[in-house]
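Working notes, beginning with the structure itself.
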Amino acid sequence: MYNLFLTILVSILSYGAKGDGVTLNTHAFNSAIEACAQQGGGVVEVPEGTFLSGTIHLKTGVTLQLQKGAVILGSKRLSDYESFVPKHDLSRYESGRGTANANSAYDTIWTKALVIANDIHDAGIIGEGTIDGQHVFNPLGEEKMRGPHTIIAASCQRLTFSHFNVCHAANYAFLAYDISDSHFSNLTITEGWDGIHIRGCERVSIRNCVMHTGDDGIAGGYWHKMVIDGNEINSSCNGIRMIQPSVDLAITNNHIYGPGLCKHRTSGKTSSDAAISLEPGGWGAAPGRLDSIVISNLKTETVLTPVSVTLSEDNTAGTIIIENVVARDITRMAMSVKSWGSAHTDSVIVRNVDLQFRGIDDPSLPKWFKTAKTSEWPFFPSWAMYFRNVGSVSIENAKLSHIGSDYRKAIIYNNVGKKKEKNLTPALSEGEGDVTHMKSEKNN
């Protein structure tokens with residue numbers, strides 16, 4: 001990102017910062033960053049020590065470098081935090097209006113943060129240090145408890161966040177709106193709510209991060225040319241949750257597992273939901289089309305479902321590819337691509353998957369599903385895969401198994417046009433699951 005022999009180096013110590021964990025260093029941080037920016041940009045160094053601070057504003061051309069042993073500690077005092085003020089129209093990204101989880105870039109409580117990057121470029125945070133949000137409690141925040149986000153970036157280009165730790169986020173560790181050509185890599189995120197939540201992006205990557213979060217690991221939407229690759233995600237909610245439609249999305253080489261090592265910040269639960277949930281409209285209107293979605297080389301264990309795609313009436317979908325997936329101890333839900341209204345997906349391709357589920361030992365389920373409304377379903381009428389409102393489904397090289405007894409069909413197609421099956425174990429008849437009660441298979 002920079003050449004140490006050519007760049008400007010500024011230390012926060014030169015501006016009066018004290019790493020004693022007690023002195024408030026907000027002014028020192030912002031003075032050092034401003035001085036660096038005024039010289040055309042460079043590096044602001046944070047040395048070993050614990051530096052208490054309120055809101056820090058990143059500037060164009062400035063990289064904050066956290067040395068090993070450096071800690072930026074968020075103040076416990078809410079009055080030390082500022083809100084970012086949007087400089088561009090971000091209303092497209094609002095969700096949950098009228099609910100306890102309403103999120104708006106124009107809500108000055110929602111947009112408080114420890115670090116703010118607003119309408120800047122060629123900046124970021126790197127290093128081996130830590131940013132600790134201290135789980136600051138705000139009775140006026142979302143759910144009457146959430147405090148400031150750790151880092152907010154809005155309307156920014158060419159940001160780099162790399163190698164440091166974020167812990168105890170008082171809301172999201174990262175929240176971003178409308179960013180482009182930016183990269184998150186080799187980060188460790190522990191506790192807090194969402195790990196990296198991006199609403200609106202172009203050419204952004206999240207690579208080789210480790211997340212143990214108290215809410216979704218990676219979330220957001222309106223992603224274009226987004227790559228999520230090589231991450232380890234452990235969540236007490238969803239591993240990856242897309243709530244607004246995306247195009248050219250590659251989710252590759254990730255390991256997503258449960259149960260959560262950190263309790264869900266709101267409910268206290270530790271059970272994991274979907275490894276990957278693509279549900280545009282799942283948290284408020286999000287019109288648009290999904291297309292060119294690739295989920296590849298996924299390893300997942302002890303989650304509710306390996307992959308769930310659900311379209312709202314404002315959405316359509318083109319091609320969705322799910323390949324090279326190994327799933328173990330899936331606790332409740334079949335892998336699925338569907339809509340509950342009339343929204344349509346053109347094509348789903350599933351290949352080279354090995355999926356193992358917990359069986360539900362209830363012989364009455366097949367009969368119950370014949371009359372139950374979809375709104376009443378606690379899970380699907382099939383145990384392995386479920387497709388609804390899809391033009392064509394191709395399944396090739398799929399090993400499907402469950403632990404314990406299950407009396408439901410393995411795969412169900414509902415309003416699906418073309419169906420192709422090749423090399424399925426067990427062999428199924430037109431995907432309707434003619435083997436209705438398999439023998440238990442040992443976990444492997």
Side-chain angles (χ1 to χ4, degrees), residues 221 223 228 238-252 254 256 273-282 286 288-298 300 303-327 330 332-355 357 369 374-375 377 379-398 400 408-422 424 428 430-433:
W223 302 331
I228 302 173
N238 300 283
I240 299 171
R241 186 188 189 199
M242 188 199 76
I243 60 172
Q244 295 159 333
S246 299
V247 175
D248 289 334
L249 170 63
I251 302 175
T252 57
N254 297 287
I256 303 174
D273 297 332
I276 299 172
S277 177
L278 308 182
E279 48 173 335
R289 181 170 175 81
L290 286 73
D291 206 354
S292 300
I293 308 295
V294 176
I295 298 170
S296 180
N297 296 321
L298 169 67
T300 185
V303 295
L304 180 72
T305 180
V307 179
S308 172
V309 180
T310 310
L311 301 185
S312 73
E313 285 301 278
D314 290 330
N315 307 117
T316 58
T319 300
I320 298 172
I321 298 174
I322 303 168
E323 61 184 0
N324 304 324
V325 176
V326 176
I330 302 305
R332 195 173 182 88
M333 301 286 275
M335 187 172 76
S336 62
V337 178
K338 74 281 183 191
S339 71
W340 301 117
S342 59
H344 181 79
T345 297
D346 292 346
S347 172
V348 177
I349 299 170
V350 179
R351 56 194 175 211
N352 304 325
V353 299
D354 182 349
L355 311 179
F357 300 80
F369 273 107
T374 56
S375 60
W377 290 3
F379 36 78
F380 295 115
S382 51
W383 56 264
M385 298 184 189
Y386 180 84
F387 304 98
R388 188 174 190 271
N389 295 334
V390 181
S392 67
V393 176
S394 172
I395 305 172
E396 183 175 354
N397 298 331
L400 311 176
R408 296 170 295 162
K409 296 175 180 179
I411 302 175
I412 287 180
Y413 302 109
N414 187 340
N415 193 29
V416 171
K418 298 179 180 178
K419 300 181 284 287
K420 177 184 176 182
E421 295 176 357
K422 183 179 179 181
L424 270 64
L428 306 175
E430 288 300 313
E432 291 297 328

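Numbering of residues begins at 1 and proceeds along the displayed sequence.
For Arg289, the salt bridge (charged side-chain N to carboxylate O under 4.0 Å, His left out) partners two or more places apart in sequence, or in a different chain, are Asp291, Asp346. Applying the salt bridge (charged side-chain N to carboxylate O under 4.0 Å, His left out) test to Arg351 and every residue at least two apart in sequence or in another chain returns Glu323. Ser347 is linked by a side chain to side chain contact (heavy atoms under 4.5 Å, CB included) to Thr319, Ile349, Ser392, counting only residues two or more places apart in sequence or in another chain.
Using a 4.5 Å heavy-atom threshold, the side chains of Ile276 and Pro306 count as separate. Side-chain contact check for Phe369 versus Ile412: every heavy-atom pair is 4.5 Å or farther apart. A heavy-atom distance below 4.5 Å is found between the side chains of Lys338 and Ser308. Contact of the Asp273 side chain with the Arg241 side chain is not registered, since no non-hydrogen atoms from C-beta on lie closer than 4.5 Å. Inter-residue side-chain proximity for Val393 and Met385 is flagged as unmet; no heavy-atom pair is nearer than 4.5 Å. Between Ser382 and Ile411 the shortest side-chain heavy-atom distance does not fall below 4.5 Å.
Here the shortest heavy-atom pairing between Asp248 and Ser292 reads OD1-CB, 3.1 Å. Considering all non-hydrogen atoms of both residues, Thr305 and Ala334 come closest at OG1-O, 3.1 Å. Between Ile240 and Ile256, the shortest heavy-atom distance links the atoms CD1-CD1, 4.0 Å. When all heavy atoms of Phe357 and Met333 are compared, the pair lying nearest together is CE2-O, 3.4 Å. Between Met335 and Ile322, the shortest heavy-atom distance links the atoms SD-CG2, 4.0 Å. When all heavy atoms are compared, the tightest approach of Ser246 to Gln244 is OG-O, 3.5 Å.
Here Glu396 contributes atom CD and Leu424 contributes atom CG; the two are 9.5 Å apart, rounded to the nearest 0.5 Å. Residue Ile320 holds its CD1 atom at 7.5 Å from CD1 of Ile295, rounded to the nearest 0.5 Å. Note that the CG atom of Asp354 and the CG atom of Leu400 stand 8.5 Å from one another [nearest 0.5 Å]. The line from OG of Ser342 to CG of Asn415 is 10.0 Å long, rounded to the nearest 0.5 Å.
Side chain to side chain, Ser339 and Asn389 meet the donor-acceptor criterion of an N or O pair below 3.5 Å.
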